[in-house]
Protein chains: 2
Amino acid sequence: MKVRQLTFRLLQVYADVVRTGSITATANRLHLTQPTVSQQLKRLREIVGEPIVRQVEGRVVPTEVGQALYQLSQDLLSRTDVFSQYLDEYNRGGRGHFSIGLVNTAQYVLPRLLGPFSQANPQVDVTVEIGNRQQMLNRFERHEDDLYVFSHPPSEANVMAAPFLSNPLVVVGPENSRWANVKDLTMESLKDERFLLREPGSATRHTFDAWLYSAGIELRATQQIASNEAIRLAVASGMGLAVLSRHVVADSPKGVQELPLQGFPLKSRWHFVVRRERRLPPAAYRFLSFVQAWLALEFNEPEGELAVAELLRTLDTERR
Amino acid sequence: MKVRQLTFRLLQVYADVVRTGSITATANRLHLTQPTVSQQLKRLREIVGEPIVRQVEGRVVPTEVGQALYQLSQDLLSRTDVFSQYLDEYNRGGRGHFSIGLVNTAQYVLPRLLGPFSQANPQVDVTVEIGNRQQMLNRFERHEDDLYVFSHPPSEANVMAAPFLSNPLVVVGPENSRWANVKDLTMESLKDERFLLREPGSATRHTFDAWLYSAGIELRATQQIASNEAIRLAVASGMGLAVLSRHVVADSPKGVQELPLQGFPLKSRWHFVVRRERRLPPAAYRFLSFVQAWLALEFNEPEGELAVAELLRTLDTERR
DNA sequence: TATAGTCATAGAGGATTATCTATGGTGTAA
DNA sequence: TTACACCATAGATAATCCTCTATGACTATA
């Protein structure tokens, strides 16, 4: 058999001829003329190298080989159909895979979005990558993920960012800290306190450093700890103060409390970041849509909802 | 997905690209140029409507959709391959089906050919139709079978017949018949005996009738019985004499014996009969080849072997 | 035995495909 | 950085395919 020349079209036509038992009927059903169908059959016979139909009492009936061919056709066509359905589902975003890269702090919030999404879309497989800002930037450079969450989006051309959720940075101290009820508390008063800081690659650290710099303040004592969670525990045990995302504290606030420092909370927002040139997997698109709806319902973040909507609109116009 | 335009060739090329991870390598393996393969991929992508490969560190790797497509390709190609193998086997005659129509007497001999053949070709499915001459002629007219065995082939144009086995018709009487040892026994002596005859549609009857007519003899008493077996039993129980194929008697000779009548045995031969315009199934062809060999080995019928060889040769030249 | 329906074949057009050579871009590795 | 390997694109050509109309052959039914 000359497999190379075999076409799915031929199989489709052939299968219909076998079903209807008539060349003319198939021609009508498929909006072709009768000679066209005849010729398709002829070509298929040449490909197979063997007669596949013959006429019996005015009906077109498959030969023995033809029957085997018919079964093959049905088999192949239905499998192709399954794939086609998979494709549709994939394009609808209800199936498939995407990966999302998170900066550390975002891991305290994103599960609240990813959880419901996965529940609603069990066929979607999400890979979550977590690291500090610098690590995520590296992944971003290498195009390793489909979607990123940054506090400060990399300022590159062809990058789109949607600030979807506020990420207030607050100063925290241990429970019953002596600064807790001080009025008009300023950084000046705290500069002799020991501050527990994230490592330099971290976004939280970066933001705080920038603020300190612009305020012209230099800290006396600092200690570097690479995990928000470790910092929270250290603060609780009285090792010092720290600047953390309010979400980190809100998540399990035991042993620490927010201090009412002037100028705080520092405002920052998490951004969804995507590359313009990279085609976003439909599942990721669907996730963004999901987030948009969820923001309004659960997070009361109308601005974020708008930003995501805008992002989706841009993605829409870019992919066709 | 545009299934209509999908080709097996495209899938073959694509599958090879995925396996090798290189367009150039595939081009070499398939004896194509690199741009050709590139374009095939492009076309396949257009058919699928989705990117199917991308480049990662110099290698061509399938996307998520591409992986699903690869699996599909493997699946479809291997199934097609199975069909292709079936086709080969079918053409070799080692697989498939044919039907053979036998006149009654032949059923005493043909099992000795069909049995070994089926044993040697377990994948071949044979339908055996049995009837008297007239019934077989009807089937023959309607093209109902692939192959026939007649004593007297229908004299039609486009019919080929190969006399493959002698079918001597003998006169039989009961064991210890008083005619058994008579010298120079003639029909004249027997014309008062009762003869048990097959029905008029039967070939045996027809041959005997013709012989009687040419010999100018008319029988006194006859009785018609539609089965060779029943006739044999009736003869054994002394109801009369009969003309039967020697094969019928040889098969289980109890209670009857051949009478040494002058002019007997009447010579006749069984013929394989096929229509010229009908393409013989390869399995039937293989059966004829088998018979040819078997005739020499087991039946000592060199003439038959030659006739079958001649038939096969003609069939060979007619089908290409 | 007409007649209507069904299929095969011939001929022709335009569209699509398969394949090539030549060339340019891009990323990898020395 | 340079060189090389690899892939994409453009342009061209011959083959093939798809589809049509026209027509002839066969078959079953009225």
Side-chain angles (χ1 to χ4, degrees), chain A residues 1-14 16-48 51-63 66 141-144 158 275 277-279, chain B residues 2-48 51-63 66 141-144 158 275 277-279:
Chain A
M1 182 169 65
K2 299 171 187 166
V3 181
R4 289 174 51 144
Q5 306 180 37
L6 194 53
T7 305
F8 281 78
R9 179 58 166 168
L10 286 181
L11 296 182
Q12 282 179 334
V13 173
Y14 174 65
D16 197 82
V17 169
V18 172
R19 273 193 291 271
T20 60
S22 155
I23 289 179
T24 306
T26 291
N28 292 332
R29 286 161 55 99
L30 303 187
H31 306 294
L32 298 171
T33 58
Q34 169 263 313
T36 300
V37 177
S38 281
Q39 217 201 357
Q40 304 274 43
L41 283 186
K42 189 178 176 185
R43 217 155 64 73
L44 187 55
R45 174 175 63 220
E46 282 160 5
I47 289 171
V48 172
I52 51 179
V53 293
R54 74 203 142 103
Q55 283 171 55
V56 172
E57 296 163 11
R59 286 180 58 78
V60 177
V61 175
T63 61
E141 282 313 311
R142 291 193 219 99
H143 297 55
E144 296 196 52
N158 292 323
R275 309 192 88 102
E277 72 272 24
R278 177 169 188 134
R279 211 175 115 65
Chain B
K2 298 170 186 166
V3 181
R4 289 174 50 144
Q5 307 180 36
L6 195 53
T7 305
F8 281 79
R9 179 57 167 170
L10 286 181
L11 295 182
Q12 282 179 334
V13 173
Y14 175 66
D16 197 83
V17 169
V18 172
R19 272 193 290 272
T20 61
S22 155
I23 289 178
T24 306
T26 291
N28 293 332
R29 287 160 56 99
L30 303 186
H31 305 295
L32 298 171
T33 58
Q34 169 263 313
T36 301
V37 177
S38 281
Q39 217 200 1
Q40 304 273 43
L41 283 186
K42 188 177 175 184
R43 217 155 64 74
L44 186 56
R45 175 176 62 221
E46 282 160 4
I47 290 171
V48 172
I52 53 179
V53 293
R54 75 201 140 104
Q55 284 172 54
V56 173
E57 296 162 11
R59 286 179 59 76
V60 178
V61 293
T63 61
E141 284 311 314
R142 291 194 218 101
H143 297 56
E144 296 196 52
N158 293 324
R275 310 191 88 102
E277 72 272 25
R278 178 168 188 136
R279 208 176 118 64

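Sequence lines set the chain letters: A, B, ... in the order given, protein chains first and strands last, and positions in each chain run from 1.
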Student check: side-chain heavy atoms of B/Val3 and A/Gln12 closer than 4.5 Å: yes
Pairwise P distance for C/dA18 and D/dT19, with rounding to whole Å: 16 Å
So, do B/Val61 and B/Arg54 sit near enough that their side-chain heavy atoms are less than 4.5 Å apart? yes
Nucleotide C/dT19, atom P - distance to NZ of B/Lys42 in whole Å: 17 Å
Roughly, in whole Å, what's the span from CG in A/Leu44 to P in C/dC7? 16 Å
Have a look at B/Arg4 and say if it touches a base, only the backbone sugar-phosphate, or nothing, with a 4.0 Å heavy-atom cut-off. sugar-phosphate
Who are the side-chain hydrogen bond (donor to acceptor under 3.5 Å, both in side chains) partners of B/Arg43, not counting sequence neighbours? none
Can you tell me which residue pairs pass the ring-ring contact (aromatic ring centres under 6.0 Å, His included) test with a partner in residues 14-47 of chain B, sequence neighbours excluded? none
Test item: A/Asp16 and A/Arg19 side chains (from C-beta on) under 4.5 Å apart, heavy atoms: yes
Distances under 3.5 Å between protein N/O atoms and the N/O atoms of nucleotides 24-30 of chain C, please, pair by pair.
none

Tell me, do A/Thr24 and A/Val37 make a side-chain contact under 4.5 Å, heavy atoms counted? no
Under a 4.0 Å heavy-atom cutoff, the residues of residues 14-41 of chain B touching DNA chain C are B/His31, B/Leu32, B/Thr33, B/Pro35, B/Thr36, B/Gln39, B/Gln40
Should B/Arg43 be listed as having a side-chain N or O under 4.0 Å from OP1 or OP2 of C/dT17? yes
Do B/Val60 and B/Val18 touch side chain to side chain, with heavy atoms closer than 4.5 Å? no
Is there a side chain to side chain contact (heavy atoms under 4.5 Å, CB included) between B/Leu44 and B/Leu6 once you walk through the steps? CA-CA 8 Å; B/Leu44 186 56; B/Leu6 195 53; 3.7 Å; yes
Applying side-chain contact (heavy atoms from CB on, under 4.5 Å), name anything that partners A/Thr33, two or more places apart in sequence or on another chain. A/Pro35, A/Thr36
Toward the 5' end of DNA chain D, by each residue's nearest nucleotide, B/Val60 or A/Ile47: B/Val60
Extract, from 5' to 3' on DNA chain D, the first and final nucleotides lying under 4.0 angstrom from some heavy atom of chain A. D/dC17 to D/dA28
Under 3.5 Å, side chain of B/Thr20 to main-chain N/O of B/Ser22, donor-acceptor pair present? yes
Closest heavy-atom pair, B/Thr63 versus B/Pro51, reported as atoms and distance to 0.1 Å, is OG1-O, 2.9 Å
How many whole angstroms separate atom CG of A/Leu6 from atom P of C/dT17? 16 Å
